[in-house]
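For reference, the structure discussed in these notes is given below.
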Amino acid sequence: MNDQTRIKVRYSTVDRYSETREFDTIEPAREFAQSWLGRHPEMGCGYAISGDGIGKIEVAGTTLATLFPEAV
């Protein structure tokens, strides 16, 4: 196992669907997160949420600001 930190992105919804993926670089992690919430989600404390309030992204290994730079 290498020493590089992996980026773990978890998408979940109010109806309890969830999907977690791990990435080696920020680009695919950003694409995954933005594919679910768009480029301008609402930012909470430790999570980003879709404008309609249905989907939520949580991340480990990087910051939400890195995944959604245009929302900050």
Side-chain angles (χ1 to χ4, degrees):
M1 188 161 161
N2 64 29
D3 293 337
Q4 181 178 355
T5 302
R6 292 186 49 94
I7 301 165
K8 186 183 284 189
V9 181
R10 180 176 184 261
Y11 171 73
S12 60
T13 66
V14 295
D15 63 356
R16 299 183 186 187
Y17 173 80
S18 82
E19 183 175 338
T20 302
R21 296 222 183 137
E22 291 189 24
F23 303 93
D24 291 322
T25 61
I26 192 64
E27 292 84 8
R30 182 180 293 136
E31 281 182 32
F32 176 74
Q34 290 185 8
S35 72
W36 286 109
L37 302 189
R39 292 168 50 181
H40 306 280
E42 300 292 324
M43 302 300 266
C45 183
Y47 61 90
I49 193 163
S50 61
D52 59 9
I54 293 173
K56 177 174 73 171
I57 290 282
E58 297 169 285
V59 65
T62 193
T63 65
L64 289 168
T66 303
L67 292 180
F68 302 102
E70 295 180 30
V72 179

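Qualifying side-chain hydrogen bond (donor to acceptor under 3.5 Å, both in side chains) partners for Q34, counting only residues two or more places apart in sequence or in other chains: none.
Counting heavy atoms from C-beta on, the side chains of L37 and S50 come closer than 4.5 Å. With a 4.5 Å cut-off on side-chain heavy atoms, K56 and T13 do not count as touching.
Connection of V59 to Y17 is established within a shared hydrophobic cluster, with ILVMFWY side chains joined at heavy-atom distances below 4.5 Å, either directly or through further cluster members. Taking hydrophobic clusters as Ile, Leu, Val, Met, Phe, Trp and Tyr residues chained together by side-chain heavy-atom distances below 4.5 Å, I54 does not share a cluster with L64. In the hydrophobic clustering of ILVMFWY residues, with side-chain heavy atoms under 4.5 Å counting as a link, I57 and Y47 come out apart.
Minimum interatomic distance between A65 and M43 (heavy atoms only, all atoms of both residues): N-CE, 4.3 Å. Considering all non-hydrogen atoms of both residues, G38 and F68 come closest at O-CE2, 3.4 Å. The shortest heavy-atom contact between V14 and G53 is CG1-O, 3.5 Å. Scanning all heavy atoms of the two residues, the minimum distance from A29 to I7 falls at CB-CG2, 3.8 Å.
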Taking it one step at a time, do V9 and R21 satisfy side-chain contact (heavy atoms from CB on, under 4.5 Å)?
CA-CA 6 Å; V9 181; R21 296 222 183 137; 5.6 Å; no

side-chain contact (heavy atoms from CB on, under 4.5 Å) assessment of R30 paired with F23
CA-CA 10 Å; R30 182 180 293 136; F23 303 93; over 6 Å; no

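For the atom pair OG1 (T62) and CD1 (I26), the distance works out to 4.0 Å, reported to the nearest 0.5 Å. Here the straight-line distance linking atom CD of E58 with atom CZ of R10 works out to 5.5 Å at 0.5 Å rounding. The distance from atom CD of E27 to atom CG of L67, rounded to the nearest 0.5 Å, is 11.0 Å.
Using bins of under 30°, 30° to 60° and over 60° for the plane-to-plane angle, the ring pair Y11/W36 lands in the parallel bin.
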